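Some notes on the structure that comes next.
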Amino acid sequence: MLNFEFYNPTHIVFGKKTETQVGDMVKQYGGRRVLLHYGGGSIKKYGLYDSIIKSLEASGVEYIELSGVKPNPRLSLVREGIRMCREQGADFILAVGGGSVIDSAKAIATGTPYGGDVWDFYQGMAEAETVLPVGVVLTIPAAGSESSTGSVITNEEGWYKRAYNSLLLRPRFAILNPELSYTLPPFQTAAGAADIMAHVMERYFTDVTHVDLTDRLCESTLRTVIKYVPIALMEPENYDARAEIMWAGTIAHNDLLATGRIGDWASHGIEHELSAVYDVAHGAGLAVVFPAWMKYVYAHNLDRFVQFAVRVFDVEYDFSDPERTALQGIERLREYFKSTGLAVTLKDLDIGDDRLEEMARKCAEDGPVGNFVKLGEKDVWEIYRLAK
Ligand code: NZQ
Ligand code: ZN
């Protein structure tokens with residue numbers, strides 16, 4: 001196990017009706033005038049907007065609003081949010097939605113007090129010294145942004161999707177009410193779950209040894225998601241299933257599972273190009289990319305892939321042919337994604353092979369991708385081809 005620091009101060013409030021506490025939570029963390037940030041309308045359609053407003057007003061918190069965050073959130077709206085916060089003096093950003101809304105909120109929080117252009121952070125040209133505080137009411141378990149250090153934004157000029165990470169970006173609080181995820185369409189439930197699993201697997205595939213505790217935590221998180229997603233798909237209002245998935249989504253990406261080990265993150269980089277160029281939902285892209293990445297790299301550390309197959313998918317260990325066991329684990333993962341209704345090939349996503357080279361070039365243009373195996377442009381291209 002490697003040396004590590006773990007500091008995750010996000011205050012989690014979990015359970016039924018917890019969104020009614022949002023006004024008090026904003027106040028507790030210093031917000032007096034908030035920018036209420038949300039997406040394309042689901043929060044109005046399902047009544048969440050009204051409870052948020054009621055709670056803010058009851059707590060005497062002033063608010064201004066910016067809606068319209070799209071999945072794969074765009075830089076232009078972030079810039080608009082920054083302008084609004086500066087002109088209208090917002091001191092807190094409240095994100096009500098999923099990863100896209102939260103990431104857009106984090107970008108606004110970073111850009112508002114900064115003298116230059118917010119894209120500087122996403123290009124590695126600036127480091128945040130101060131940010132506005134962010135609070136979250138989560139409506140979809142998926143990205144884990146509710147307590148992560150990351151924000152991922154798409155720049156429409158050139159269609160670059162890039163991440164910025166800073167400890168300052170962990171939200172002050174995250175309200176997690178699993179009931180809010182009852183209204184998710186099956187596709188969003190499944191794509192969100194694929195992202196949750198990918199966050200665990202990015203950390204699981206490591207060469208660091210003696211990380212048995214975090215291996216076991218990763219395996220249980222994966223097994224929990226695998227068990228409860230089919231239940232949530234069949235019974236969208238099954239609280240217990242939604243609760244298990246929602247908490248797994250936060251645990252998967254709050255960095256506890258990364259303690260003492262080095263994560264990989266190549267599949268995320270490879271997927272972000274798909275989202276940027278084809279506007280694919282992130283989790284749906286990962287369901288295609290992750291198994292292809294696994295097939296490309298498994299020989300690098302066969303034991304780890306055998307362990308994954310046996311412990312996560314109950315594949316029987318083949319003593320005479322461990323490679324077969326490893327490959328069966330990868331196949332089971334693909335089959336699992338398929339059983340939740342997700343595409344598992346680029347073709348199923350209606351993506352041809354005409355832009356694979358361009359995506360591979362963009363993906364590796366800042367240097368090798370991944371840690372478990374370091375991948376160059378040609379490797380990334382091979383992985384896209386394996387995903388065809
Ligand atoms: O916009 P609305 O109308 O709200 O609809 C949303 C959106 O269309 C809908 N939705 C959300 N909650 C709902 C609902 N529909 C019905 N009922 C509800 N309760 O779901 C759609 C997808 O929302 P989005 O926020 O895009 O989903 P997700 O949470 O998967 O976020 C994806 C984004 O997060 C980034 C991804 O790259 C992607 O841009 N990520 C952020 C990370 C981070 N900051 O740490 C890590 C991740 O790896 C990921 O890269
Ligand atoms: Zn992800």
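When a residue number appears, it is its place in the shown sequence, counting from 1. Remember, predicted model here, so these are calculated numbers, not experimental data. Just so you know, ligand 1 is whichever comes first in the structure, and atom 1 is the first atom listed for that ligand.
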Exercise. Looking only at protein heavy atoms, identify the closest one to atom 26 (O) of ligand 1 and say how far it is in Å.
Key: Ser100 OG, 2.5 Å
Self-check item: Side chain proximity check, Met197 to Leu333, heavy atoms < 4.5 angstrom
Solution: yes
Self-check item: Nearest non-hydrogen protein atom, atom 38 (C) of ligand 1
Solution: Lys161 NZ, 3.7 Å
Self-check item: Pair Phe319 and Tyr317, ring centroids less than 6.0 Å apart
Solution: yes
Quiz prompt | Cation-pi, Tyr204 ring and Arg304 (6.0 angstrom, 45 degrees) | solution = yes
Quiz item: What about Tyr29 and Phe92, are their ring centers closer than 6.0 Å?
Solution: no
Exercise. Just jot down the ligand 1 atoms closer than 4.0 angstrom to any heavy atom of Gly150, in number order.
Key: 43 (C), 44 (N)
Self-check item: Intermediate values then yes/no, salt bridge (charged side-chain N to carboxylate O under 4.0 Å, His left out), Glu179 and Lys16
Solution: CA-CA 7 Å; Glu179 294 170 312; Lys16 294 179 181 174; 5.2 Å; no
Quiz item: Looking at Gly98, which atoms of ligand 1 are within less than 4.0 Å of one of its heavy atoms?
Solution: 25 (O), 29 (O)
Quiz item: Hey, is His199 one of the residues with a heavy atom under 4.0 angstrom from ligand 1?
Solution: yes
Self-check item: Working for salt bridge (charged side-chain N to carboxylate O under 4.0 Å, His left out), residues Glu219 and Arg223
Solution: CA-CA 6 Å; Glu219 290 153 4; Arg223 292 183 69 105; over 6 Å; no
Quiz item: Within a distance of under 4.0 Å, is there any protein heavy atom near atom 49 (C) of ligand 1?
Solution: yes
Quiz item: Does any non-hydrogen side-chain atom of Leu35 lie less than 4.5 Å from one of Leu132?
Solution: no
Practice problem: Return the residue, atom name and 0.1 Å-rounded distance of the protein heavy atom closest to atom 12 (N) of ligand 1. | Solution: Thr139 OG1, 2.8 Å
Quiz item: Which atoms from ligand 1 have a heavy atom of Ser148 less than 4.0 Å away?
Solution: 43 (C), 44 (N), 45 (O)
Self-check item: Side chain, backbone, both or neither: Pro71 near ligand 1, heavy atoms under 4.0 Å
Solution: both
Quiz prompt | Per-atom contacts of ligand 1 with His268, taking only distances under 4.0 Å to non-hydrogen atoms | solution = 48 (O)
Quiz prompt | Contact check, side chains of Val78 and Arg74, non-hydrogen atoms, under 4.5 Å | solution = no
Quiz prompt | Non-hydrogen side-chain atoms of Arg242 and Pro236 separated by less than 4.5 Å | solution = yes
Quiz item: Would you say Tyr46 has any N or O atom under 3.5 Å from an N or O of ligand 1, going by distance alone?
Solution: no
Quiz item: Taking N or O atoms only and a 3.5 Å limit, does Gly41 qualify as a polar contact for ligand 1?
Solution: yes
Self-check item: Within-4.5 Å side-chain heavy-atom neighbours: His268 and Leu286
Solution: yes
Quiz item: What are the atoms of ligand 1, with element, lying closer than 4.0 Å to any heavy atom of Gly39?
Solution: 1 (O)
Exercise. Could you see which bit of Lys70 sits under 4.0 Å from ligand 1, with heavy atoms only: side chain, backbone, both or neither?
Key: neither
Quiz item: Heavy atom under 4.0 Å from ligand 1: found in Asp103's side chain, backbone, both, or neither?
Solution: side chain
Quiz item: What do you reckon, is CD of Glu357 surrounded by more than 12 foreign heavy atoms closer than 6.0 Å?
Solution: no
Practice problem: Flag the pair Phe305 / Phe205 as yes when their ring centroid distance falls below 6.0 Å, and as no otherwise. | Solution: yes
Quiz prompt | For atom 34 (O) of ligand 1, the protein heavy atom that lies nearest, with its residue and separation | solution = Ala143 CB, 3.6 Å
Quiz item: Tell me, which protein residue and heavy-atom name are nearest atom 4 (O) of ligand 1, and how many Å apart are they?
Solution: Ser42 OG, 2.7 Å
Quiz item: Can you find an N/O atom of Val101 closer than 3.5 Å to an N/O atom of ligand 1?
Solution: no
Quiz prompt | Minimum-distance atom from the Zn ion (ligand 2) among N, O or S atoms of His282 | solution = NE2
Quiz item: What do the steps show when you test Ser59 against Asp24 for side chain to side chain donor-acceptor pair (under 3.5 Å), and what is the final call?
Solution: CA-CA 6 Å; Ser59 303; Asp24 286 348; 2.8 Å; yes
Quiz item: N/O of Pro73 under 3.5 Å from N/O of ligand 1, yes or no?
Solution: no
Quiz item: Between Phe290 and Phe337, does the ring centroid distance fall short of 6.0 Å?
Solution: no
Quiz prompt | Leu180 and ligand 1 - part of the residue with a heavy-atom distance under 4.0 Å | solution = backbone
Exercise. Would you indicate whether the side-chain heavy atoms of Trp293 and Asp264 approach each other to under 4.5 Å?
Key: yes
Quiz prompt | Part of Ala142 with heavy atoms under 4.0 Å of ligand 1, whether side chain, backbone, both or neither | solution = side chain
Exercise. Verify whether the ring centers belonging to His253 and Trp247 lie closer than 6.0 Å.
Key: no
Self-check item: Nearest protein heavy atom with distance in Å, relative to atom 13 (C) of ligand 1
Solution: Leu184 CD2, 3.4 Å
Quiz item: Which value, rounded to 10°, describes the OD1(Asp195)-the Zn ion (ligand 2)-NE2(His199) angle?
Solution: 80°
Practice problem: Name the option, out of Thr183, Ile43, Val152, Val69, that contains the heavy atom nearest to atom 16 (C) of ligand 1. | Solution: Thr183
Practice problem: Going by heavy-atom distance to atom 23 (O) of ligand 1, choose the closest among Ile140, Ile153, Leu169. | Solution: Ile140
Practice problem: Kindly assign one of parallel, tilted or perpendicular to the pair His282 and His272, based on the angle between their ring planes and the thresholds 30° and 60°. | Solution: tilted
Quiz prompt | Closest approach of any protein heavy atom to atom 22 (C) of ligand 1, naming residue and atom | solution = Gln188 OE1, 3.5 Å
Exercise. Flag Pro185 as yes when one of its N or O atoms lies below 3.5 Å from any N or O atom of ligand 1, and as no otherwise.
Key: no
Practice problem: Using distance alone, decide if ligand 1 has a nitrogen or oxygen within less than 3.5 Å of any nitrogen or oxygen in Lys106. | Solution: no
Quiz item: Among protein heavy atoms, which lies nearest atom 2 (P) of ligand 1, and at what distance?
Solution: Gly40 N, 3.4 Å
Exercise. Look up atom 32 (C) of ligand 1 and tell me if a protein heavy atom lies less than 4.0 Å from it?
Key: yes
Self-check item: Lys295 side chain reached by Glu331 side chain, heavy atoms, under 4.5 Å
Solution: yes
